[in-house]
Number of protein chains: 2
Amino acid sequence: MTAIGFRSHDHAQCVSTTLARAERYCVEKKLKFTAIRRRSLEILLAEHRALGAYDLLAVLGEEGLGTAPPVAYRALDFLTSAGFAHKIEGLNAYIACAHLGADHAPAFLICTSCKSVAEAEADATEGQLGEVARATGFTIRRTVIEALGLCPNCQPEAPCA
Amino acid sequence: MTAIGFRSHDHAQCVSTTLARAERYCVEKKLKFTAIRRRSLEILLAEHRALGAYDLLAVLGEEGLGTAPPVAYRALDFLTSAGFAHKIEGLNAYIACAHLGADHAPAFLICTSCKSVAEAEADATEGQLGEVARATGFTIRRTVIEALGLCPNCQPEAPCA
DNA sequence: GGTTGATATGTTATACCATAACACTTAGCA
DNA sequence: TGCTAAGTGTTATGGTATAACATATCAACC
Ligand SMILES: [Zn+2]
Ligand SMILES: [Zn+2]
Ligand SMILES: [Zn+2]
Ligand SMILES: [Zn+2]
């Protein structure tokens with residue numbers, strides 16, 4: 001349950017190990033980690049923040065990798081299908097997975113002030129959703145678990161104001 | 001934790017008691033439950049399914065209550081602010097609250113086959129989100145908790161196929 | 001090497017979701 | 001009555017996402 005993203009960390013390493021894992025996963029699964037896909041993941045990885053599809057597209061455009069929306073959405077489809085990125089439904093935005101390689105149900109803490117996002121691992125079969133699902137006979141395929149609020153760095157100042 | 005929506009129930013009563021509660025809440029809080037707002041809630045209440053804003057708008061349009069998008073979005077703003085309806089982020093759609101009156105953090109079970117939605121009550125301070133938030137010093141303001149899958153009525157058939 | 005089929009990419013157009021901005025109306029109240 | 005706040009009508013626009021079809025790439029197979 002490392003809620004990385006709010007704490008400072010060796011981000012260069014954080015990026016390089018994630019890319020290496022993605023690379024290896026693609027070899028194992030015979031997926032094609034093409035230039036656009038790889039670069040898209042790098043762009044998402046640059047910060048622990050969610051990017052809109054069109055934000056991603058703008059960067060790809062500057063680099064001559066494509067300017068039409070499908071370019072970005074296809075890359076994002078690939079990344080999310082492979083588990084390399086997740087969609088933040090509450091923001092209509094996308095973020096690189098912080099636990100790449102682990103099969104997991106992500107849960108997100110989203111700071112509405114600084115827009116940073118921390119990813120925690122949830123267990124879909126536990127918690128309230130799992131309980132209700134079991135009780136009603138519902139079969140869970142995918143979960144969207146997001147909390148909007150203020151990160152440790154953006155807490156309101158002391159109450160003496 | 002009544003996951004109404006998947007089970008058959010006396011829906012006429014389900015609708016009328018919800019409308020009555022909304023009515024009373026508006027009187028208490030001095031909110032204006034205008035024709036457009038009331039009718040919008042009725043439309044959302046008609047089924048335990050999520051409707052897009054433009055779906056709602058289409059019905060309002062047929063009834064001469066307005067045809068431009070802001071009509072629907074204003075009504076939805078009112079309903080969601082008052083707690084009479086919730087947005088399903090995973091569908092960009094809206095649903096009438098099934099626990100109107102209770103102050104609650106909703107959690108949804110969404111059937112991807114028949115599109116019906118069940119609302120359960122979650123507790124933001126519990127469960128995995130709450131744990132992680134406490135551990136990291138994150139302050140939760142709002143939660144989005146949704147499960148996509150198959151409702152009891154849409155389970156795959158017997159495995160003898 | 002050439003054929004073939006599957007996958008990826010380039011491109012145009014369009015559909016869907018949501019809000020800005022401003023004019024006008026209505027209801028409540030000094 | 002005149003003021004103010006809130007609601008409504010309307011136009012225009014911005015943001016998100018996909019359909020559809022042409023072209024290119026690559027590996028498997030003959
Ligand atoms: Zn990092
Ligand atoms: Zn923050
Ligand atoms: Zn009902
Ligand atoms: Zn169903």
Side-chain angles (χ1 to χ4, degrees), chain A residues 22 26-41 43-44 49-82 84-95 115 144 146 148, chain B residues 22 26-41 43-44 49-82 84-95 110 112 115 144 146 148:
Chain A
C26 287
V27 171
E28 277 173 15
K29 302 277 186 177
K30 298 199 196 306
L31 298 174
K32 297 182 186 174
F33 203 33
T34 64
I36 294 178
R37 293 169 176 179
R38 185 195 172 90
R39 186 66 192 124
S40 295
L41 179 56
I43 291 164
L44 291 181
R49 296 205 307 129
L51 255 61
Y54 283 71
D55 296 331
L56 169 61
L57 183 59
V59 180
L60 293 176
E62 286 172 6
E63 303 179 359
L65 290 171
T67 58
V71 171
Y73 283 101
R74 284 169 183 157
L76 290 168
D77 275 352
F78 173 83
L79 295 176
T80 52
S81 297
F84 297 171
H86 304 291
K87 181 172 185 184
I88 306 291
E89 296 288 351
L91 300 176
N92 292 320
Y94 303 82
I95 189 163
K115 312 293 182 192
V144 176
E146 302 171 4
L148 303 172
Chain B
C26 287
V27 171
E28 277 174 14
K29 301 278 185 175
K30 298 200 197 305
L31 299 175
K32 298 181 185 175
F33 203 32
T34 65
I36 294 178
R37 292 168 176 180
R38 184 193 174 90
R39 186 66 191 121
S40 294
L41 179 55
I43 292 164
L44 291 182
R49 297 205 305 129
L51 257 61
Y54 283 71
D55 296 332
L56 169 62
L57 181 60
V59 180
L60 292 175
E62 287 172 6
E63 303 180 0
L65 289 172
T67 58
V71 172
Y73 283 100
R74 284 169 184 157
L76 289 168
D77 275 353
F78 173 83
L79 296 176
T80 53
S81 297
F84 297 171
H86 304 292
K87 181 174 186 183
I88 306 291
E89 297 288 350
L91 300 177
N92 291 319
Y94 303 82
I95 190 164
I110 303 157
T112 53
K115 314 291 183 194
V144 176
E146 302 172 3
L148 304 171

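Chain letters run A, B, ... following the sequence lines, proteins first and then strands; every chain starts at 1. Both backbone and side-chain heavy atoms feed into the values below; hydrogens, waters and symmetry mates do not.
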With a 4.0 Å limit, can you tell me whether [X] has a side-chain N or O closer than that to the phosphate oxygens OP1/OP2 of [N]?
{"X": "B/Lys32", "N": "C/dT26", "answer": "no"}
{"X": "A/Asn92", "N": "C/dC17", "answer": "no"}
{"X": "A/Arg74", "N": "C/dT7", "answer": "no"}

Exercise. Assign each of A/Tyr54 and B/Ile36 to its nearest nucleotide of DNA chain D by heavy atoms, then name whichever residue's nucleotide is nearer the 5' end.
Key: B/Ile36
Quiz item: To the nearest 10 degrees, what angle separates the axes at the start and end of the helix from C/dG1-D/dC30 to C/dA30-D/dT1, five pairs each?
Solution: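 Its terminal axes enclose an angle near 20°.
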Quiz item: chain B on DNA chain D: first and last contacting nucleotide, 5' to 3', under 4.0 Å to a heavy atom?
Solution: D/dG7 to D/dT11
Quiz item: Does B/Tyr73 make a side-chain donor-acceptor contact with the base of C/dA20, cut-off 3.5 Å?
Solution: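 For B/Tyr73, whose side chain was compared with the base of C/dA20, there is no donor-acceptor pair (under 3.5 Å).
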Exercise. Compare the minimum distances between each of C/dT11, C/dA18, C/dT19 and the side chain of A/Val71, then state the nucleotide with the smallest one.
Key: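 Closest nucleotide among those given: C/dT11.
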Quiz item: Measuring from A/Leu44:CG to A/Arg39:CZ, what's the distance to the nearest 0.5 Å?
Solution: 10.0 Å
Practice problem: Verify, without hydrogens or angle tests, whether B/Glu146 (side chain) and B/Glu89 (backbone) share a donor-acceptor contact under 3.5 angstrom. | Solution: yes
Quiz item: Within the structure shown, what part of the strands sits under 4.0 Å from A/Phe33 by heavy-atom distance: base, sugar-phosphate, or nothing?
Solution: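 The answer is nothing, as A/Phe33 stays clear of every strand by at least 4.0 Å.
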Self-check item: Sugar-phosphate, base or nothing in reach of A/Lys87, heavy atoms under 4.0 Å
Solution: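 The answer is sugar-phosphate, as A/Lys87 gets under 4.0 Å only of primed atoms, P, OP1 or OP2.
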Quiz prompt | Separation of atom CZ in A/Arg39 from atom P in C/dT9, rounded to whole Å | solution =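 So the CZ-P distance, A/Arg39 to C/dT9, works out to 16 Å.
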